Amino acid sequence: QVQLVESGGGLVQPGGSLRLSCAASGSSFSINAMIWYRQAPGKQRELVAGMTRGGRTRYADSVKGRFSISRDNDKNTMYLQMNSLRPEDTAVYYCNVDSRPVLGDPSQYDNWGQGTQVTVSS
């Protein structure tokens with residue numbers, strides 16, 4: 001089973017920036033999609049941004065123009081650059097991976113890392 005380790009979260013002021021990292025390891029399957037999700041207290045987990053191995057991306061409408069996803073396929077590592085952060089971005093951010101070129105619903109996964117907390121507050 002793949003191991004997922006998220007890092008880079010923290011407390012920032014509105015308008016600030018953070019860069020999150022996701023490292024996947026411990027599995028021999030070929031990773032295609034890499035996806036960021038987030039979950040705020042009392043809310044469903046939702047897709048934030050994802051990228052297939054072929055370079056197709058998907059972003060939540062609420063983060064378009066502010067967040068940018070990138071990945072290093074040789075290292076099985078993914079990044080999320082978050083700029084112009086807002087209080088509503090406050091959540092635990094999780095990553096996941098898929099052997100398929102799909103950027104979909106988090107309910108299809110049952111293996112998750114611990115996530116990294118992002119708090120945007122003045």
Side-chain angles (χ1 to χ4, degrees):
Q1 190 166 241
V2 66
Q3 296 171 0
L4 301 164
V5 180
E6 302 93 345
S7 62
L11 173 64
V12 296
Q13 296 184 73
S17 297
L18 284 172
R19 186 176 186 251
L20 307 184
S21 298
C22 167
S25 64
S27 178
S28 62
F29 81 91
S30 180
I31 294 173
N32 192 304
M34 302 189 79
I35 317 106
W36 286 101
Y37 300 91
R38 68 185 181 189
Q39 187 167 25
K43 294 189 175 182
Q44 297 274 4
R45 195 165 299 186
E46 65 175 354
L47 185 147
V48 179
M51 181 182 284
T52 67
R53 194 172 187 90
R56 178 170 60 88
T57 60
R58 181 182 181 185
Y59 293 91
D61 287 342
S62 60
V63 309
K64 287 180 180 176
R66 300 188 297 120
F67 292 9
S68 181
I69 192 171
S70 62
R71 56 193 282 180
D72 184 335
N73 292 327
D74 290 337
K75 295 182 177 180
N76 285 335
T77 301
M78 172 177 62
Y79 307 95
L80 185 67
Q81 180 66 47
M82 306 187 297
N83 299 323
S84 301
L85 283 161
R86 303 166 180 169
E88 52 263 43
D89 295 318
T90 296
V92 179
Y93 284 69
Y94 302 89
C95 64
N96 223 307
V97 297
D98 204 308
S99 63
R100 306 167 298 168
V102 296
L103 305 170
D105 195 284
S107 63
Q108 64 190 302
Y109 304 113
D110 58 11
N111 178 55
W112 298 91
Q114 294 220 309
T116 186
Q117 176 73 50
V118 172
T119 303
V120 185
S121 177
S122 59

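Source: prediction; values computed, not measured.
- When the side chains of ILVMFWY residues are joined at heavy-atom separations under 4.5 Å, either directly or via intervening members, Val12 and Val48 end up in a single hydrophobic cluster.
- In terms of modelled atom types and a separation under 3.5 Å, the side chain of Asp89 and the main chain of Val118 share no donor-acceptor contact.
- Here the closest non-hydrogen pair linking Pro14 and Ser122 is CD-N, 3.7 Å.
- Side-chain contact between Cys95 and Met78 is present, with heavy atoms from C-beta onward closer than 4.5 Å.
- The line from OH of Tyr37 to CD of Gln44 is 13.5 Å long, rounded to the nearest 0.5 Å.
- Note on Tyr109 and Phe29: separate hydrophobic clusters, where clusters join Ile, Leu, Val, Met, Phe, Trp and Tyr whose side-chain heavy atoms are under 4.5 Å apart, directly or indirectly.
- What you find for Gly8 and Thr116 is that their closest heavy atoms are N-OG1, 3.9 Å.
- When the shell of 6.0 Å around CD of Gln13 is examined, it contains 12 or fewer heavy atoms from other residues, nucleotides or ligands.
- What you find for Gln114 and Val92 is that their closest heavy atoms are O-CG1, 4.2 Å.
- Met82 is not listed as a side-chain neighbour of Arg66, based on a closest heavy-atom distance of 4.5 Å or more.
- Minimum heavy-atom separation, Gln81 to Asn83: NE2-OD1, 3.0 Å.
- At distances below 3.5 Å, not a single donor-acceptor pair connects side-chain atoms of Thr52 with backbone N or O atoms of Pro101.
- Among residues two or more places apart in sequence or in another chain, the side chain to side chain contact (heavy atoms under 4.5 Å, CB included) test is passed with Lys43 by Ala40.
- Rounding to the nearest 0.5 Å places CD1 of Ile35 at 8.0 Å from CD1 of Ile69.
- Counted within 6.0 Å of CD on Gln117, heavy atoms from surrounding residues, nucleotides or ligands total more than 12; the atom is thus considered enclosed.
- Residue pairs meeting the ring-ring contact (aromatic ring centres under 6.0 Å, His included) criterion with at least one member in residues 47-104, sequence neighbours excluded: Tyr94-Trp112.
- We find the CZ-CD1 distance between Arg71 and Ile31 to be 7.5 Å, quoted to the nearest 0.5 Å.
- When all heavy atoms are compared, the tightest approach of Ala91 to Gln39 is CB-O, 3.5 Å.
- No single ILVMFWY cluster, assembled from side-chain heavy atoms under 4.5 Å apart, contains both Leu47 and Val63.
- The heavy-atom pair separating Ser17 from Ser84 by the smallest distance is OG-N, 4.4 Å.
- Within the model, atoms SG of Cys22 and CE of Met34 stand 5.0 Å from one another, a figure rounded to the nearest 0.5 Å.
- With rounding to the nearest 0.5 Å, the separation of CG in Asn32 from CZ in Arg53 is 7.5 Å.
- Checking side-chain atoms of Glu6 against main-chain N and O of Leu20 turns up no donor-acceptor pair under 3.5 Å.
- In this structure, Arg45 contributes its side chain and Pro106 its backbone to no donor-acceptor pair below 3.5 Å.
- Taking CE of Met51 as the start and CG of Leu80 as the end, the distance is 10.5 Å to the nearest 0.5 Å.
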